[in-house]
Amino acid sequence: MTASTGFSDRITIEQVRDARRLIMGVALRTPLVSSPLLSARAGADILLKLETLQPIKAFKIRGAANTVFRLDPAKTRGVVCASTGNHGRAVAYAARARGIRAVVCLSSLVPAGKVKAIEALGAEVRRIGNDQDAAMQEVERIAADPGWVDVPPFDHPHVIAGQGTIGLELLEDRPDLEAILVPLSGGGLAGGIALAAKALKPTIRVIGISMARGAAMAESLAAGRPVEVAELPTLADSLGGGIGLANRWSFPLCRDLLDETVLVSEPEIYRGMAHLLLEERLLAEGGAAVGVAALIAGRVSVRGPAAVIVSGANLGLEQIAALASGAPIRVGEMLVSR
Ligand SMILES: *Cc1c(COP(=O)(O)O)cnc(C)c1O
């Protein structure tokens, strides 16, 4: 089964407040630090929200914990998902914290290093088939058994409300924010933040930022309905993948609440990552650096204090070494440099 929602058709700020109470102690209340260099460039206060400090090095622990912690460990046989990346880590971490078994289904092509990282967090990895579709079918098969719960990566009210807790923290720390720049993939993060921030401050602008290569939500918003987009290799790999043709929650939220979507190129993402590492001394994976990338490239202009969500730091050492030395990074068949 899919985690029951308890919602009729709308997610509210009360659900976000409730999420915050539930996930306190597992997810960190992250700092919002100012960047003098970016502020000087942008002509306004630029503040970085460091979700890279979360225990799994990405914000996804918020939504996963808000979903998993609602399950009764005595009645739940296990939770299951299909993600090699930050969602898989988040589900594994939250399940272990709650004393619930976690199974992560992965294609047999996923590299051993990623499998080890998930296993190290206490989840069982099930290798199946040669692509993501086969892994997702296995999730459906397992979740059809009573007592097993599928935790989706973005299109679920508890996940979205969990990510929305970032919006609460931002406006508590800086009620004067004029804009929030948010990495955008499935839209759980951007939708949740926009929902919370606009409930507290209706005039705030929320800008979603994706890579130009395979921006499923941006293309869906332009089309007015969820559409399929070819997945392409990108430095922002944590923003890859579709939004689901049957999307129920995150697409309408992004459609109704995002003020703008902005796309950044691969060299722009490289420069965003390099700026964070070299100038701010902060680690950010490609998908987490798109906000800084958009600012540096001049694709977003802000009229007042703006927060940039730095969403995760799960990048390989070879990428860090390349950024530090100014060398190109291999992405699929491409070499990306500054
Ligand atoms: C998942 C993820 C995102 C995008 O979140 P969505 O809710 O899918 O839009 C952004 N950054 C990082 C690091 C992620 O892992």
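Note: hydrogens, waters and symmetry copies are ignored here, and every other heavy atom, side chains too, is used. Keep in mind that this is a model prediction, so the values were computed, not measured. Both ligands and their constituent atoms are indexed starting at 1 by order of listing.
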Decide whether [X] and [Y] meet the rule of one side-chain donor and one side-chain acceptor closer than 3.5 Å.
X    : Y    : result
N66  : R62  : no
S250 : N247 : yes
Q54  : E51  : yes

Does a salt bridge link [X] with [Y], judged by any charged N lying under 4.0 Å from a carboxylate O?
X    : Y    : value
K198 : D259 : yes
E119 : K116 : no
R213 : E231 : no

Can you check whether G187 has an N/O within less than 3.5 Å of an N/O in ligand 1?
yes
Of the side chain and backbone of [X], name the one, both, or neither that has a heavy atom under 4.0 Å from an atom of ligand 1.
X    : result
L239 : side chain
L189 : both
S185 : both
E285 : side chain

Protein residue, atom and distance nearest to [atom], heavy-atom basis:
atom                    : value
atom 12 (C) of ligand 1 : S311 OG, 3.4 Å
atom 8 (O) of ligand 1  : G186 N, 2.9 Å
atom 5 (O) of ligand 1  : F59 CZ, 3.5 Å
atom 2 (C) of ligand 1  : K60 NZ, 2.4 Å

Return the set of residues passing side chain to side chain donor-acceptor pair (under 3.5 Å) with R20 (not counting sequence neighbours), or none when no residue passes.
E172
When you measure from the heavy atoms of G85 to every atom of ligand 1, does any distance fall below 4.0 Å?
no
Close side-chain approach of C105 to I142, heavy-atom, < 4.5 Å
yes
With heavy atoms of [X] as the reference, note each atom of ligand 1 found under 4.0 Å away.
X    : answer
G188 : 6 (P), 7 (O), 9 (O)
N86  : 13 (C), 14 (C), 15 (O)
G312 : 13 (C)

Answer yes or no on whether R338 is positioned over the face of Y270, meaning its NZ or CZ is under 6.0 Å from the six-membered ring centre and within 45° of the axis.
no
